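Have a look at the structure below, then the notes.
On a predicted model such as this, the values are computed, not experimentally measured, just so you know. Lettering of chains follows the sequences in order, A, B, ..., and the numbering in each one begins at 1.
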Amino acid sequence: MSTAHSLARAVACELAAALPSEVGLGADDIVDLLAKPPKPELGDVAFPCFKLARVLRKAPPKIAAELVPQLQDALSDTSLIAKILATGPYLNFTLDPGRAGALLLPALAGEGSAIDAATQDERLMVEFSQPNTHKALHVGHLRNMCLGDSLVRLLRSQGYPVIAANYFGDVGTHIARCLWWYLDHLSEEQRQPPADNRGEWLGKIYTKAAMALADWEEAGKTDPAAAKRLAEAKARITEILQRLEAREPEITKVWDETKKWSLDDFEEIYRYCDIHFDVRFYESQADEPGLEIVEEFLQKGVFEVSQGAVGIFNPEVKHMPFFMLRKQDGTSLYATKDLALAKLKFDGHNIDRSIYVVDVRQSDHFRHVFLTLEKMGFAQAKACQHVPYEMVELPDGPMGARKGNVVLFRALREQMTARITELHLEKFRGQWSDAEIAQAAHEVALGAIKYGMLARDVNQKIVFDMEAWLDVRGNTGPYLQYVHARACSIIRECAQQSPVVRVEQHTNAAVEACKGLTTLEERELRNALDRFVSTVKVAADELRPSVLCTYLYELSKQFNRFYLACKVKGSPEPLRTGRILLVQATISVLAEGLGLLGIPAPQRM
RNA sequence: GCACCUGUAGCUCAGCUGGAUAGAGCACCGGUCUUCUAAACCGGCGGCCGCAGGUUCGAAUCCUGCCAGGUGCGCCA
């Protein structure tokens, strides 16, 4: 935290110098202790005296009361702290609006990032999305995409070199099932894909296959004919799978073609969502290398044979110590490929830390993977991290093809865009071009979807209720975007009235401009802005974008209060310039904060 | 059975490295647009923070036990 514009840090530095030496607290300790007073009337920054009680051997309220005159004497004339008030066990500081504003606001309002993190040496890879080809993307996949993408952005903001990686599931029984239905149950004509969204179209074929199998499974319990049909289907699927694994030319051609439909569709969706990958891995690449690894470490005695299968015994996972890596029939598993993938990451991309964004149900799996990699001798294994997140469900329970309640991504996108356009953008028709309206609808829809996916903490389930998601009032992405658009509008309007001058940090002009920012709304907005940089750091360190969501929502709420209470346009100078600084700082922080969530910040909406 | 997660307002959730009267959104009731975007703002209603113990000057927050729900647990991915 080397932020040259943090009010909290500046206050902490002053306190570290001014507090009696026996207290023994440095600026770093004090920054962590500083809090927000429950009511802004009390002050801008609070310092709790509980920690001093032990050293000074007095009751905290007494310490607070006694420190007031001491601090007042010790602080310089140019101190940021204008007023000190002891309230019970707390010292509450009110900052000098001119000096505080001049320190913080021009630095945020200016061009470039508000975060000045040093470049980190540790090279990271974040693996996320991992969709299966031949299946359609639904709202469940969306959570993973949004989370992974935001983590990439957050970690990069902290100076880490980050490789964003995807890992496509292009082999396995689900492919065989899809191709079974595609080849055996569709006519030549029915096998012709549509012009667009071919991946989704293919996914629906997979769903048909999965549902048919489930139905026959159910019916087969009582109906011998259905049981026979099921057995035949299973045999056929196994045959397809074996031919796929043997890379027989005829079936491989179908596989390549259909796979491309899925991949093209995924890429279109990633573009729409502004999600980017530096590296793309495929399960089909990890298949054989995985089996080679198994053989190698079986020879080395790290892996062992158990009931005909090969695996490793990890007693650290008490309830299920055996981790299978090769089936009895000699074929590979998900786990087998994960070992090969890890080797590919470590050796091929020279990374120090590998982050896996995968749902919480895989927690045991990844414990095993990391333990196994460690025993195989990979130094990076200790720095592997699984980011488990809870599932997305629907009001009637978990999504499932059998239940037929899957909400596909494209349906959500279309409904969201239509609703936003109809409710909020039609009023601009004629005034804006159709393309501009479509662009705004796209950006706001993305805001609603991504914020909805990120605002909840990772260990909470998300219950996806379409109607609730289409409501873009209150604590939603569009609320934050709206604040950004309104703030931009203020600047446009002000610039039309008279030039908006640029004010530099720490200058007399800045102090003069900020002197008048004394109302509750102005002070609270400024204080909220001051928390941005430290909040981003917490969100990145804890791999929790939801922390940033909560912050940005509070900031936005604060801005709306300011917006109503304090007119910018038409205010007398230098107050106008001061308020413009507040507005510009809010624009910068919101744009950067939303950017870290992968959400666009429209200039108008 | 074992492991992990969750339980806070009618609903959906913040807050959890202990600290000032427990906060939002939605829903419901009532106010605010001739001046910078009402996708907004303000007020009201609404809480044994799952239950019971313990630690502490102080517990929604830490510890223990219990209850309820979810998820995972060898040849699927």
Side-chain angles (χ1 to χ4, degrees), chain A residues 32 35 37-39 42 46 48-51 53 59-61 87-90 92 130 132 169 171-174 283 306-311 317-335 337-338 358-365 367 388 390-391 393 397-398 420 423-425 427-428 444 447-448 455-463 465 468 471-483 485-494 496-497 546-547 549-550 553-554 556-557 559-561 563-571 579-580 583 604-605:
Chain A
D32 291 338
K39 289 218 181 232
L42 290 169
C49 297
F50 303 104
K51 292 277 185 296
T87 319
Y90 288 87
N92 287 306
Q130 309 112 330
N132 279 334
V171 290
T173 44
H174 69 279
E283 265 188 57
S306 167
Q307 294 171 27
V310 176
V317 185
K318 290 193 197 73
H319 59 285
M320 220 293 285
F322 186 70
F323 186 43
M324 189 184 291
L325 295 163
R326 191 174 80 191
K327 292 190 265 185
Q328 268 183 343
D329 64 8
T331 58
S332 68
L333 291 124
Y334 185 46
K337 295 167 209 164
D338 256 336
V358 182
D359 75 70
V360 66
R361 295 177 302 188
Q362 309 294 332
S363 295
D364 284 340
H365 169 80
R367 265 197 82 195
E390 267 292 350
M391 308 303 292
E393 294 186 0
I420 286 161
L423 239 52
H424 300 292
L425 297 170
K427 63 190 174 205
F428 298 118
V444 176
R456 194 131 315 163
D457 199 73
V458 285
N459 52 17
Q460 289 283 357
K461 261 190 329 206
I462 291 180
V463 177
D465 177 348
D471 185 358
V472 294
R473 294 137 61 225
N475 188 356
T476 64
Y479 178 94
L480 314 189
Q481 293 175 308
Y482 182 63
V483 164
R486 274 177 130 190
C488 288
S489 173
I490 293 179
I491 301 300
R492 275 196 304 270
E493 291 290 321
C494 283
Q496 224 162 30
Q497 176 199 44
S546 64
V547 171
C549 291
T550 303
Y553 175 66
E554 276 163 14
S556 299
K557 207 159 172 52
F559 181 86
N560 274 331
R561 290 200 260 258
Y563 182 92
L564 205 77
C566 307
K567 284 280 175 284
V568 182
K569 186 181 168 186
S571 288
R579 287 181 171 169
I580 285 175
V583 175
R604 52 180 198 174
M605 62 185 265

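B:C62 and B:G18: their P atoms are spaced 9 Å apart (whole Å). B:C42 and B:G19 have their P atoms separated by 26 Å, given to the nearest Å. Spacing of P atoms, B:G50 relative to B:G15, comes out at 15 Å, to the nearest Å. Taking the P atom of each, B:U61 and B:G54 are spaced 14 Å apart, rounded to whole Å. Between B:C66 and B:C28, the distance separating the two C1' atoms is 37 Å to the nearest Å. One P atom belongs to B:G1, the other to B:G65, and the distance between them is 15 Å to the nearest Å. Taking atom P in both B:C41 and B:A52, one finds a spacing of 38 Å when rounded to whole Å. For B:G7 and B:C51, the P atoms lie 13 Å apart once the distance is rounded to whole Å.
Residue A:H319 and nucleotide B:A3 are not classified as a stacked aromatic pair, given the requirement of ring centres less than 5.5 Å apart at an interplanar angle below 30°. Here A:Y90 lies parallel enough and close enough to stack on the base of B:A20, with planes under 30° and ring centres under 5.5 Å apart.
Here the side chain of A:R456 is nearest to one of B:A39, B:A20, B:U12, namely B:U12. For A:M605, counting side-chain heavy atoms from C-beta on, the closest listed nucleotide (B:C76, B:U6, B:A39) is B:A39. Comparing atom distances between the A:E283 side chain and each of B:U21, B:A77, B:A39 picks out B:A77 as nearest. Taking every side-chain heavy atom of A:Y553 into account, B:A24 is the closest of B:A24, B:C75, B:C2. For A:Q460, taking side-chain heavy atoms from C-beta onward, the closest of the listed nucleotides B:A20, B:A39, B:G7 is B:G7. Comparing B:A39, B:U35, B:A20 by their nearest atom to the side chain of A:N92 picks out B:A20. The side chain of A:T87 has B:A20 as its nearest neighbour among B:A27, B:A20, B:U6. Among the nucleotides B:A77, B:A40, B:G74, the one closest to the side chain of A:Y479 is B:A40. Comparing atom distances between the A:N132 side chain and each of B:C26, B:C36, B:A77 picks out B:A77 as nearest. Ranking B:C5, B:A39, B:A20 by closeness to the A:K427 side chain, first place goes to B:A39.
Pairing each heavy atom of A:G474 with each of A:Y479, the nearest pair is O-CB, 3.0 Å. Taking both residues in full, the closest heavy atoms of A:Q328 and A:Q307 are given as NE2-O, 2.8 Å, listed atom of the first, atom of the second, then distance.
Here A:K51 does not reach the OP1 or OP2 of B:G19: none of its side-chain N or O atoms lies under 4.0 Å away. Proximity of A:K327 to the phosphate of B:C76: a side-chain N or O atom is located under 4.0 Å from OP1 or OP2. Contact check, A:R367 against B:C73: no side-chain N or O comes under 4.0 Å of OP1 or OP2.
Ring pair A:F50/A:Y90 is perpendicular by interplanar angle, where above 60° counts as perpendicular and below 30° as parallel.
In this structure, the side chains of A:R604 and A:F428 stay at 4.5 Å or more apart for every pair of heavy atoms. The side-chain heavy atoms of A:H424 and A:V444, taken from C-beta on, include no pair separated by under 4.5 Å.
Interatomic distance, CZ of A:R456 versus OG1 of A:T550, reported as 10.5 Å (0.5 Å rounding).
Taking 3.5 Å as the limit, the base of B:G74 and the side chain of A:S306 contain a donor-acceptor pair of atoms between them. The base of B:A39 is not paired with the side chain of A:Q481 by any donor and acceptor separated by under 3.5 Å. Contact annotation: side chain of A:N560 to base of B:A38, donor-acceptor pair absent below 3.5 Å.
By the rule that a glycosidic angle within 90° of 0 means syn, B:C33 counts as syn.
When Watson-Crick and G-U wobble pairs are counted only if both distances are under 3.5 Å, B:U12 pairs with B:A24.
When each of A:S546 and A:K569 is assigned the nucleotide of RNA chain B with its nearest heavy atom, A:S546 is the one assigned upstream, toward the 5' end. For the pair A:V171 and A:P48, both in contact range of RNA chain B, the more 5′-proximal nearest nucleotide belongs to A:P48.
Residue contacts for A:Y482: at a heavy-atom cut-off of 4.0 Å it reaches a base atom on one of the strands shown.
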